[in-house]
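In what follows, chains are A, B, ... by sequence order, proteins preceding strands, each numbered from 1.
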2 protein chains.
Amino acid sequence: MCLPGSLGHEEADALGDLVKHGRVLNKSEFLFRQDDRFGSIYSVRSGVLKSVSLSSGGDEKIIGIHLPGELIGLSAMDVERYPVSVQALETAHVCELPFGPLEELLKRSPQLRRHLFRLMSREIRSTQQMTWLLTKKTAEARVVILLINLSARFRALGYAANQLQLNVSRNDIGNFLGMSSETVSRVLTRLRQNGLIRIDGKQVRILKPIQLIELAEGSLA
Amino acid sequence: MCLPGSLGHEEADALGDLVKHGRVLNKSEFLFRQDDRFGSIYSVRSGVLKSVSLSSGGDEKIIGIHLPGELIGLSAMDVERYPVSVQALETAHVCELPFGPLEELLKRSPQLRRHLFRLMSREIRSTQQMTWLLTKKTAEARVVILLINLSARFRALGYAANQLQLNVSRNDIGNFLGMSSETVSRVLTRLRQNGLIRIDGKQVRILKPIQLIELAEGSLA
DNA sequence: CGACCGTTTGATTACTATCAAGACACGTGG
DNA sequence: CCACGTGTCTTGATAGTAATCAAACGGTCG
């Protein structure tokens, strides 16, 4: 399924017709690049991708990390060109939803309309929460909250919740959370030393979720 | 007009019928509070308001500052209750757009649909830009960028672009930009000393916009 | 095996928060 | 009208968190 959520059969079928052939991306391949002409919204079927925005000054900012079931491109609906690049962090499958036909379908399906509005609304909220994270939390708490957040999202997908396959470099994590890769590294080692997590390369295993949550809340309640 | 933007006459009329009696808010009065039941989206006709989110830990985070022409409540469309409180920073007029009837109208008006999607998309982008601001810019640059940003938004409304009436406390500015009120104060005095702005209480006059912009770009390009 | 990129760890620096005190503005009540 | 209190703003001194600079340590892939 390409648009997870509460859709009737009819809508699902119509949507199925609309979907252009799904796309497979290899690791580090781009789904689209910043300033490409906007034409489609994408839905992640498998794999993990990142959104990156390149500022005029030349530095990159990682805007989001996308797991299966999530939509990509919602921030481009009112502009000619995508404001970010999207790149696969591992082999990924996506569905392409061409925006024109999608709008047609929206005409007929109140369900789908509600659904899309919901998704966008949620996106707004989650980005706003990120600003809260960035201004009110210490580096340690930010990393911990990211781990908890990813864990919850994995669980919601039916994957193991405390066995995170982090195909994201320390650099990317730091960029995303507004800190240096060194600090990310330091925080992770400290967590490991305290027995809250285990680290095997890109694998992070959450050993004591409850204490992690306490840590996240604790540092500046 | 309650939904600024490109609407046909028909839509505008229908929308006019839909709008519940506008509301007037005195300074520091609440439009709605966090956890109030979601029912309406609001459009600012005059005045300035702020969105504040209260975390479980008890501390507040200012999420947004709303000028005339902007919509409030887009982040609540998929939840039962508003995730933020909205408070007037000065006397303000708003239109209330009850969500149920609005959805009815969306059924019939592709124009309006597009318009709403556009606004939400823009909101996503502007919040994402805020995360960029918070992670990639120094305290000084953040304040400067806020000034420039407000100036541009005022100009777009037809107001004087370099005569900002900042009915926001230093504390609120700091909260919004992720820094202490003291730092805000220091940055503003430095800007004043360098002749880039003038300050008369809440009035900020931009004297050298070009140099301000250079400053904003300069500190960490 | 060696080169290379990402990670870890250490030492130093720097930005900004925090703590504290004084200045200022404003509204109230004497 | 002026004294007073309250809240915000400014300014200063100090402290802390995280950035930066640097170097050693892997793991991976020709």
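- Taking atom CG of residue N167(A) and atom C1' of nucleotide dG6(C), one finds them 14 Å apart after rounding to whole Å.
- Computed from coordinates, the R190(A) CZ to dT9(C) P distance equals 12 Å when rounded to whole Å.
- Atom CG of N171(B) and atom C1' of dT18(C) are 13 Å apart (whole Å).
- Donor-acceptor pairing under 3.5 Å is lacking for the side chains of S85(A) and Q34(A).
- Among the atoms of the strands shown, none is found under 4.0 Å from any heavy atom of G174(B).
- Within the 4.0 angstrom heavy-atom criterion, only backbone atoms of the sugar-phosphate kind lie near T189(B); the bases stay farther away.
- Going from atom CD of Q203(A) over to atom P of dT7(C) covers 15 Å, rounded to whole Å.
- Of all nucleotides listed (dT18(C), dC9(D), dA18(D)), dT18(C) comes nearest to the side chain of S180(B).
- Note: NZ (K136(A)) to P (dT17(D)) measures 17 Å, nearest angstrom.
- Distances shown here put every side-chain N or O of K202(B) at or beyond 4.0 Å from the OP1 or OP2 atom of dA25(C).
- Out of dC9(D), dA18(D), dT10(D), the shortest distance to the side chain of T183(A) is found at dA18(D).
- R186(A) contributes a side-chain N or O that forms a donor-acceptor pair with the base of dT20(D) under 3.5 Å.
- For E140(B) and R190(B), the salt-bridge test passes: some basic side-chain N is under 4.0 Å from an acidic carboxylate O.
- What separates CE of M179(A) from C1' of dG16(D) is a distance of 16 Å, to the nearest Å.
- By the 4.0 Å N-to-carboxylate-O rule, R205(A) lies too far from D200(A) to be salt-bridged with it.
- Inspection of the Q165(A) and Q203(A) side chains reveals an N or O donor paired with an N or O acceptor under 3.5 Å.
- Here the nucleotide nearest the side chain of R170(B), chosen from dT10(D), dT9(C), dG6(C), is dT10(D).
- With hydrogens and angles ignored, a donor-acceptor pair under 3.5 angstrom links the side chain of E182(A) to the base of dC21(D).
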